[in-house]
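Notes for the one structure printed next.
We name chains A, B, ... by the order of the sequence lines, and we start the count at 1 in each one.
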Number of protein chains: 2
Amino acid sequence: MQYDSKTPIYLQVITALKLDIINERIKSGEKLPSSRDLAVQYTINPNTAARVYQELEREGVCYTKRGMGTFVTEDMGKIKQCRQEMAKGCLEDFLKQINELGITKEEAIEMIKNTTK
Amino acid sequence: MQYDSKTPIYLQVITALKLDIINERIKSGEKLPSSRDLAVQYTINPNTAARVYQELEREGVCYTKRGMGTFVTEDMGKIKQCRQEMAKGCLEDFLKQINELGITKEEAIEMIKNTTK
DNA sequence: CATAGTGTACTATCTACATAGTACACAGAT
DNA sequence: ATCTGTGTACTATGTAGATAGTACACTATG
């Protein structure tokens with residue numbers, strides 16, 4: 001994985017895992033890699049990996065069974081809620097930024113339509 | 001000014017100043033506050049303020065006359081270019097994020113239309 | 001020439017982030 | 001009971017960002 005130096009790595013890994021969960025690349029109830037394995041996969045420190053799981057657990061997206069591992073929540077509502085929050089967050093950020101740049105919503109929509117992909 | 005703890009303060013001040021320049025709240029050729037005054041206005045350290053100006057100068061948005069102060073560039077092309085880059089950046093970020101969330105461009109446009117403001 | 005305002009260059013300190021390494025506690029399997 | 005895999009806790013180190021304080025050099029003005 002390629003990291004953006006402007007934002008803490010642990011936040012970037014959290015986002016990556018949330019997207020895996022939202023897009024069901026990792027399914028509800030499924031076991032996540034151990035913190036040590038996660039550290040290897042993402043080339044981060046085991047401490048940072050542990051921090052990632054603690055934060056995901058705090059947000060209710062995952063839960064931990066000591067000695068067993070960390071698992072994705074079985075509560076699909078939590079996962080949907082997480083997706084909603086992320087969508088809302090990036091929409092609000094976008095609107096705020098274009099507003100500051102003096103770009104109207106209509107112009108922004110045109111810009112989006114004009115993108116090839 | 002209110003700062004986001006997730007991003008370095010000096011980057012946030014740089015963005016704020018760029019928006020002032022783009023929106024002509026500070027005009028082309030105009031003198032910017034001294035680094036010491038900027039530090040007071042934004043409640044940051046004089047060193048951080050100096051760093052802000054060094055970065056803006058590196059990007060060609062401002063220039064410095066030693067002993068005189070820092071001024072907005074007279075090159076309107078540079079300012080327009082800066083605005084274009086910021087617009088492009090936030091559009092690309094937005095599209096990337098909604099794509100990762102499994103939201104299509106059409107859905108995103110609907111979301112934007114449905115915002116009140 | 002003296003002064004005030006300015007950019008610039010240091011050193012020092014503090015915090016958050018990230019890494020490195022070690023140790024311990026719990027759960028399941030053999 | 002032992003072993004393995006797991007989460008958890010701790011100390012130590014390095015770096016970047018931010019702050020604090022000081023000092024110096026340049027420019028315009030009086």
- [ ] For residues 66-79 of chain B, pull every pair meeting salt bridge (Lys or Arg N to Asp or Glu O under 4.0 Å), keeping only residues two or more places apart or in separate chains.
- [x] none
- [ ] Pull out every residue in residues 51-66 of chain B that has a heavy atom closer than 4.0 Å to any atom of DNA chain C, ordered by number, or say none.
- [x] Thr64(B), Arg66(B)
Task: With sequence neighbours excluded, residues passing side-chain contact (heavy atoms from CB on, under 4.5 Å) with Gln84(A) - done: none
- [ ] Could you say whether Ala50(B) or Gln12(A) is positioned toward the 5' end of DNA chain C, judged by the nucleotide with the nearest heavy atom to each?
- [x] Ala50(B)
Open item on the list: Can you see if the side chain of Ser35(A) gets near the phosphate of dG7(D) - specifically, an N or O under 4.0 Å from OP1 or OP2?
Closed with: yes
Would you give me the side-chain donor-acceptor pairs under 3.5 Å for residues 37-49 of chain A, sequence neighbours excluded?
unit_1: Asn45(A); atom_1: OD1; unit_2: Asn47(A); atom_2: N; d: 2.9
unit_1: Asn45(A); atom_1: OD1; unit_2: Asn47(A); atom_2: ND2; d: 3.0

Open item on the list: Between Ile112(B) and Ile112(A), is there a side-chain heavy-atom distance shorter than 4.5 Å?
Closed with: yes
- [ ] Figure out the OH/C1' separation between Tyr3(A) and dC17(C), and round it to whole Å.
- [x] 14 Å
- [ ] Among residues two or more places apart or on two chains, list those pairs meeting salt bridge (Lys or Arg N to Asp or Glu O under 4.0 Å) that have a residue in residues 89-104 of chain B.
- [x] Lys88(B)-Glu92(B)
Open item on the list: By nearest heavy atom, map Pro8(B) and Gly67(B) onto DNA chain D; which one lands nearer the 5' end?
Closed with: Pro8(B)
Open item on the list: Between P on dT6(D) and CE on Met68(A), what's the gap in Å once rounded to a whole number?
Closed with: 10 Å
Open item on the list: At 4.0 Å (heavy atoms only), tell me whether Ser34(B) reaches a base, stays on the sugar-phosphate, or touches nothing.
Closed with: sugar-phosphate
TODO: Could you work out which one of dG7(C), dC17(C), dA9(D) sits closest to the side chain of Tyr10(A)?
DONE: dC17(C)
Task: From dG7(D), dG21(C), dG7(C), nucleotide with atom closest to Asn47(A) side chain - done: dG21(C)
TODO: Among dT19(C), dT6(D), dT19(D), find the nucleotide with the atom closest to the side chain of Lys31(A).
DONE: dT6(D)
- [ ] Name the closest nucleotide to the Arg36(A) side chain, picking from dT19(C), dC17(C), dT6(D).
- [x] dT6(D)
Open item on the list: By the 4.0 Å heavy-atom rule, please label Lys6(B) as base, sugar-phosphate, or nothing.
Closed with: nothing
TODO: Could you verify whether a donor N or O on one side chain and an acceptor N or O on the other, from Lys105(A) and Thr115(B), lie under 3.5 Å apart?
DONE: yes
- [ ] For Glu24(B), check side-chain hydrogen bond (donor to acceptor under 3.5 Å, both in side chains) against everything at least two apart and list the hits.
- [x] none
Open item on the list: If the cut-off is 4.0 Å, is Thr70(B) near the phosphate of dT6(C), judged by side-chain N/O to OP1 or OP2?
Closed with: no
